[in-house]
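In what follows, chains are A, B, ... by sequence order, proteins preceding strands, each numbered from 1.
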Amino acid sequence: MPEGHTLHRAARLQQRRFAGHQLRVDSPQGRFSDGAALLDGRLLEGVEAVGKHLFHRWEGGLTVHIHLGLFGKFKTYTGEAPEPTQGTRLRWWGEPGTLHLTGPTACDVIESDAEEQLLLRIGPDPLAVRRGDKQRVLSAFARRRIPVAQLLLDQAVVSGIGNVYRAEFCFLAGVDPFMPANEVPSEKVEDIWRLAIAHMRVGERTGRIVTVDPPEVGARLHREIGSRERLYVYKRHGLGCRRCSSAIRKAPLAGRTVWWCPTCQR
DNA sequence: GCTGCATGATGAA
DNA sequence: TCATCCTGCAGCA
């Protein structure tokens with residue numbers, strides 16, 4: 001599930017629930033045993049998300065960097081927690097409850113210089129907008145000729161966008177995903193940036209990627225509606241476009257799959 | 001039960 | 001561009 005909204009949401013919820021508490025830490029799987037031993041019994045001071053990266057600040061100046069990759073998941077429990085599984089890389093527990101982390105691409109105690117290096121490679125984050133970000137995105141687009149949908153997955157250009165959001169934003173902006181980035185009119189690039197800010201904020205609040213206009217599905221939106229009903233193009237190949245009924249298409253692009261409407265996106 | 005695929009990213013060739 | 005790492009589960013036999 002992890003695009004940027006997932007990480008920002010995790011940061012917010014973990015901050016609210018666990019920050020300020022002393023926690024026991026271990027690594028049932030064993031692959032984070034050294035790190036866990038360092039952290040065990042310390043106070044969790046804070047949690048921050050940047051793009052798809054998460055940073056936990058622990059008492060004593062220790063920072064843990066987590067990247068969920070494609071498979072990583074956090075689960076939290078109140079009261080009695082289930083036994084960790086073979087794959088539980090990190091577990092912590094204390095007065096507020098228990099947290100299990102499975103399947104992350106990265107889970108490491110990192111030094112401050114490594115963190116600086118990492119942060120330098122992370123581009124403007126629609127969920128943490130700073131002055132000049134839009135300009136940075138515009139100039140990155142102007143400089144690159146790779147397909148716009150490919151550029152949108154480059155975390156140095158915009159951080160936090162993943163395969164679902166990129167397909168949806170191209171649709172909403174009416175942009176052909178294969179158009180070279182430097183040929184996309186700057187108004188369209190600004191549209192994409194604005195769409196990212198608006199939709200990822202909703203994703204962060206709800207925990208779900210929803211891009212269809214609320215009027216289309218009404219209040220049922222966040223409940224029983226299946227994921228295909230919450231989106232315009234992602235994984236909807238063969239189905240009719242919600243706007244024009246053309247068959248949604250899919251194709252590989254630089255090792256990932258992209259979906260689009262050949263009529264609405266030119 | 002097995003296969004392939006998935007909301008990610010990296011390092012080698 | 002490819003192989004690789006991480007895990008779970010839908011779809012199939």
> Rounded to the Å, how far apart are A:Leu70 CG and B:dG4 P?
Replying inline: 17 Å
> Are the side chains of A:Thr78 and A:Arg17 in touch, meaning some heavy atoms are under 4.5 Å apart?
Replying inline: yes
>> Taking the basic N atoms (NZ, or NE/NH1/NH2) and the acidic carboxylate oxygens, is any pair closer than 4.0 Å for A:Glu183 and A:Lys188?
In response: no
> Please walk me through it: do A:Asp154 and A:Ile146 pass side chain to side chain contact (heavy atoms under 4.5 Å, CB included)?
Replying inline: CA-CA 11 Å; A:Asp154 183 338; A:Ile146 61 173; 5.7 Å; no
>> Between C1' on B:dG8 and NE2 on A:His5, what's the gap in Å once rounded to a whole number?
In response: 14 Å
> What is the distance, rounded to the nearest whole Å, between atom CZ of A:Arg9 and atom C1' of B:dT7?
Replying inline: 15 Å
>> With heavy atoms of chain A within less than 4.0 Å as the criterion, where does contact along DNA chain C begin and end?
In response: C:dC6 to C:dT7
> Whole Å only: how far is the CD1 atom of A:Ile122 from the C1' atom of B:dA9?
Replying inline: 12 Å
>> With heavy-atom distances below 4.5 Å as the criterion, would you say the side chains of A:Phe74 and A:Leu54 are in contact?
In response: yes
>> Is the shortest side-chain heavy-atom distance between A:Met200 and A:His8 below 4.5 Å?
In response: no
>> For A:Arg9, run the side-chain contact (heavy atoms from CB on, under 4.5 Å) check against A:Thr6, A:Leu7, A:Leu13 and tell me which one passes.
In response: A:Leu13
> Which stems does DNA chain B form, counting runs of 3 or more consecutive Watson-Crick or G-U wobble pairs with both distances under 3.5 Å?
Replying inline: B:1-6 with C:7-12, B:8-12 with C:1-5
> In residues 168-183 of chain A, which ones come under 4.0 Å of DNA chain C, going by heavy atoms?
Replying inline: none
>> Please report the distance, rounded to the nearest Å, between NE2 in A:His67 and P in B:dG11.
In response: 13 Å
>> Output the rounded distance in Å from CZ (A:Arg236) to P (B:dA6).
In response: 17 Å
>> Could you tell me how far B:dT10 sits from C:dG8 if I compare only their C1' atoms? Round to whole Å.
In response: 22 Å
>> Quick check for you: among B:dT7, B:dA9, B:dT10, whose closest atom lies nearest to any side-chain atom of A:Arg121?
In response: B:dT10
>> With a 4.5 Å cut-off on side-chain heavy atoms, are A:Leu138 and A:Trp193 touching?
In response: no
> Do the side-chain N or O atoms of A:Gln155 get closer than 4.0 angstrom to the phosphate oxygens (OP1, OP2) of B:dG8?
Replying inline: no
> Which value, in whole Å, describes the distance between the C1' atoms of nucleotides C:dC2 and B:dT7?
Replying inline: 22 Å
> Which residue pairs pass the side-chain hydrogen bond (donor to acceptor under 3.5 Å, both in side chains) test when at least one of the two sits in residues 31-49 of chain A, sequence neighbours left out?
Replying inline: A:Arg24-A:Asp40, A:Glu48-A:Arg57
>> In this structure, how many angstroms lie between the C1' atom of B:dG8 and the CG atom of A:Asp154, rounded?
In response: 13 Å
> Side chains of A:Leu68 and A:Ile66: closer than 4.5 Å at any heavy-atom pair?
Replying inline: yes
>> Suppose you measure atom C1' in B:dA9 against the same atom in C:dC9; what distance do you get, rounded to whole Å?
In response: 22 Å
> A:Tyr234 OH to B:dG8 C1': how many Å, rounded?
Replying inline: 12 Å
> Under 3.5 Å, side chain of A:Thr88 to main-chain N/O of A:Gln29, donor-acceptor pair present?
Replying inline: no
> Going by heavy atoms closer than 4.0 Å, what residues in residues 102-116 of chain A are next to DNA chain C?
Replying inline: A:Gly103, A:Thr105
> Taking the inter-plane angle between the rings of A:Phe55 and A:His53 on a 0 to 90° scale, is it parallel (under 30°), tilted (30 to 60°) or perpendicular (over 60°)?
Replying inline: parallel
>> Taking any heavy-atom pair under 4.0 Å as a contact, classify A:Arg166: base, sugar-phosphate, or nothing.
In response: nothing
Could you pull out all donor-acceptor pairs under 3.5 Å where a side-chain atom in residues 161-179 of chain A meets a protein atom, sequence neighbours excluded?
residue: A:Asn163; atom: OD1; partner: A:Arg166; partner atom: NE; Å: 2.8
residue: A:Asn163; atom: OD1; partner: A:Arg166; partner atom: NH2; Å: 2.9
residue: A:Asn163; atom: ND2; partner: A:Thr257; partner atom: O; Å: 3.1
residue: A:Arg166; atom: NH1; partner: A:Ala149; partner atom: O; Å: 2.8
residue: A:Arg166; atom: NH2; partner: A:Thr257; partner atom: O; Å: 3.2
residue: A:Glu168; atom: OE1; partner: A:Thr211; partner atom: OG1; Å: 2.5
residue: A:Glu168; atom: OE1; partner: A:Tyr232; partner atom: N; Å: 2.7
residue: A:Glu168; atom: OE2; partner: A:Tyr232; partner atom: N; Å: 3.3
residue: A:Glu168; atom: OE2; partner: A:Val233; partner atom: N; Å: 2.9
residue: A:Glu168; atom: OE2; partner: A:Tyr234; partner atom: N; Å: 2.9
residue: A:Asp176; atom: OD1; partner: A:Phe178; partner atom: N; Å: 2.8

> Any salt bridge between A:Asp133 and A:Arg130, counting N to O under 4.0 Å?
Replying inline: no
> Would you call A:Thr76 and A:Trp92 a side-chain contact if the rule is heavy atoms closer than 4.5 Å?
Replying inline: no
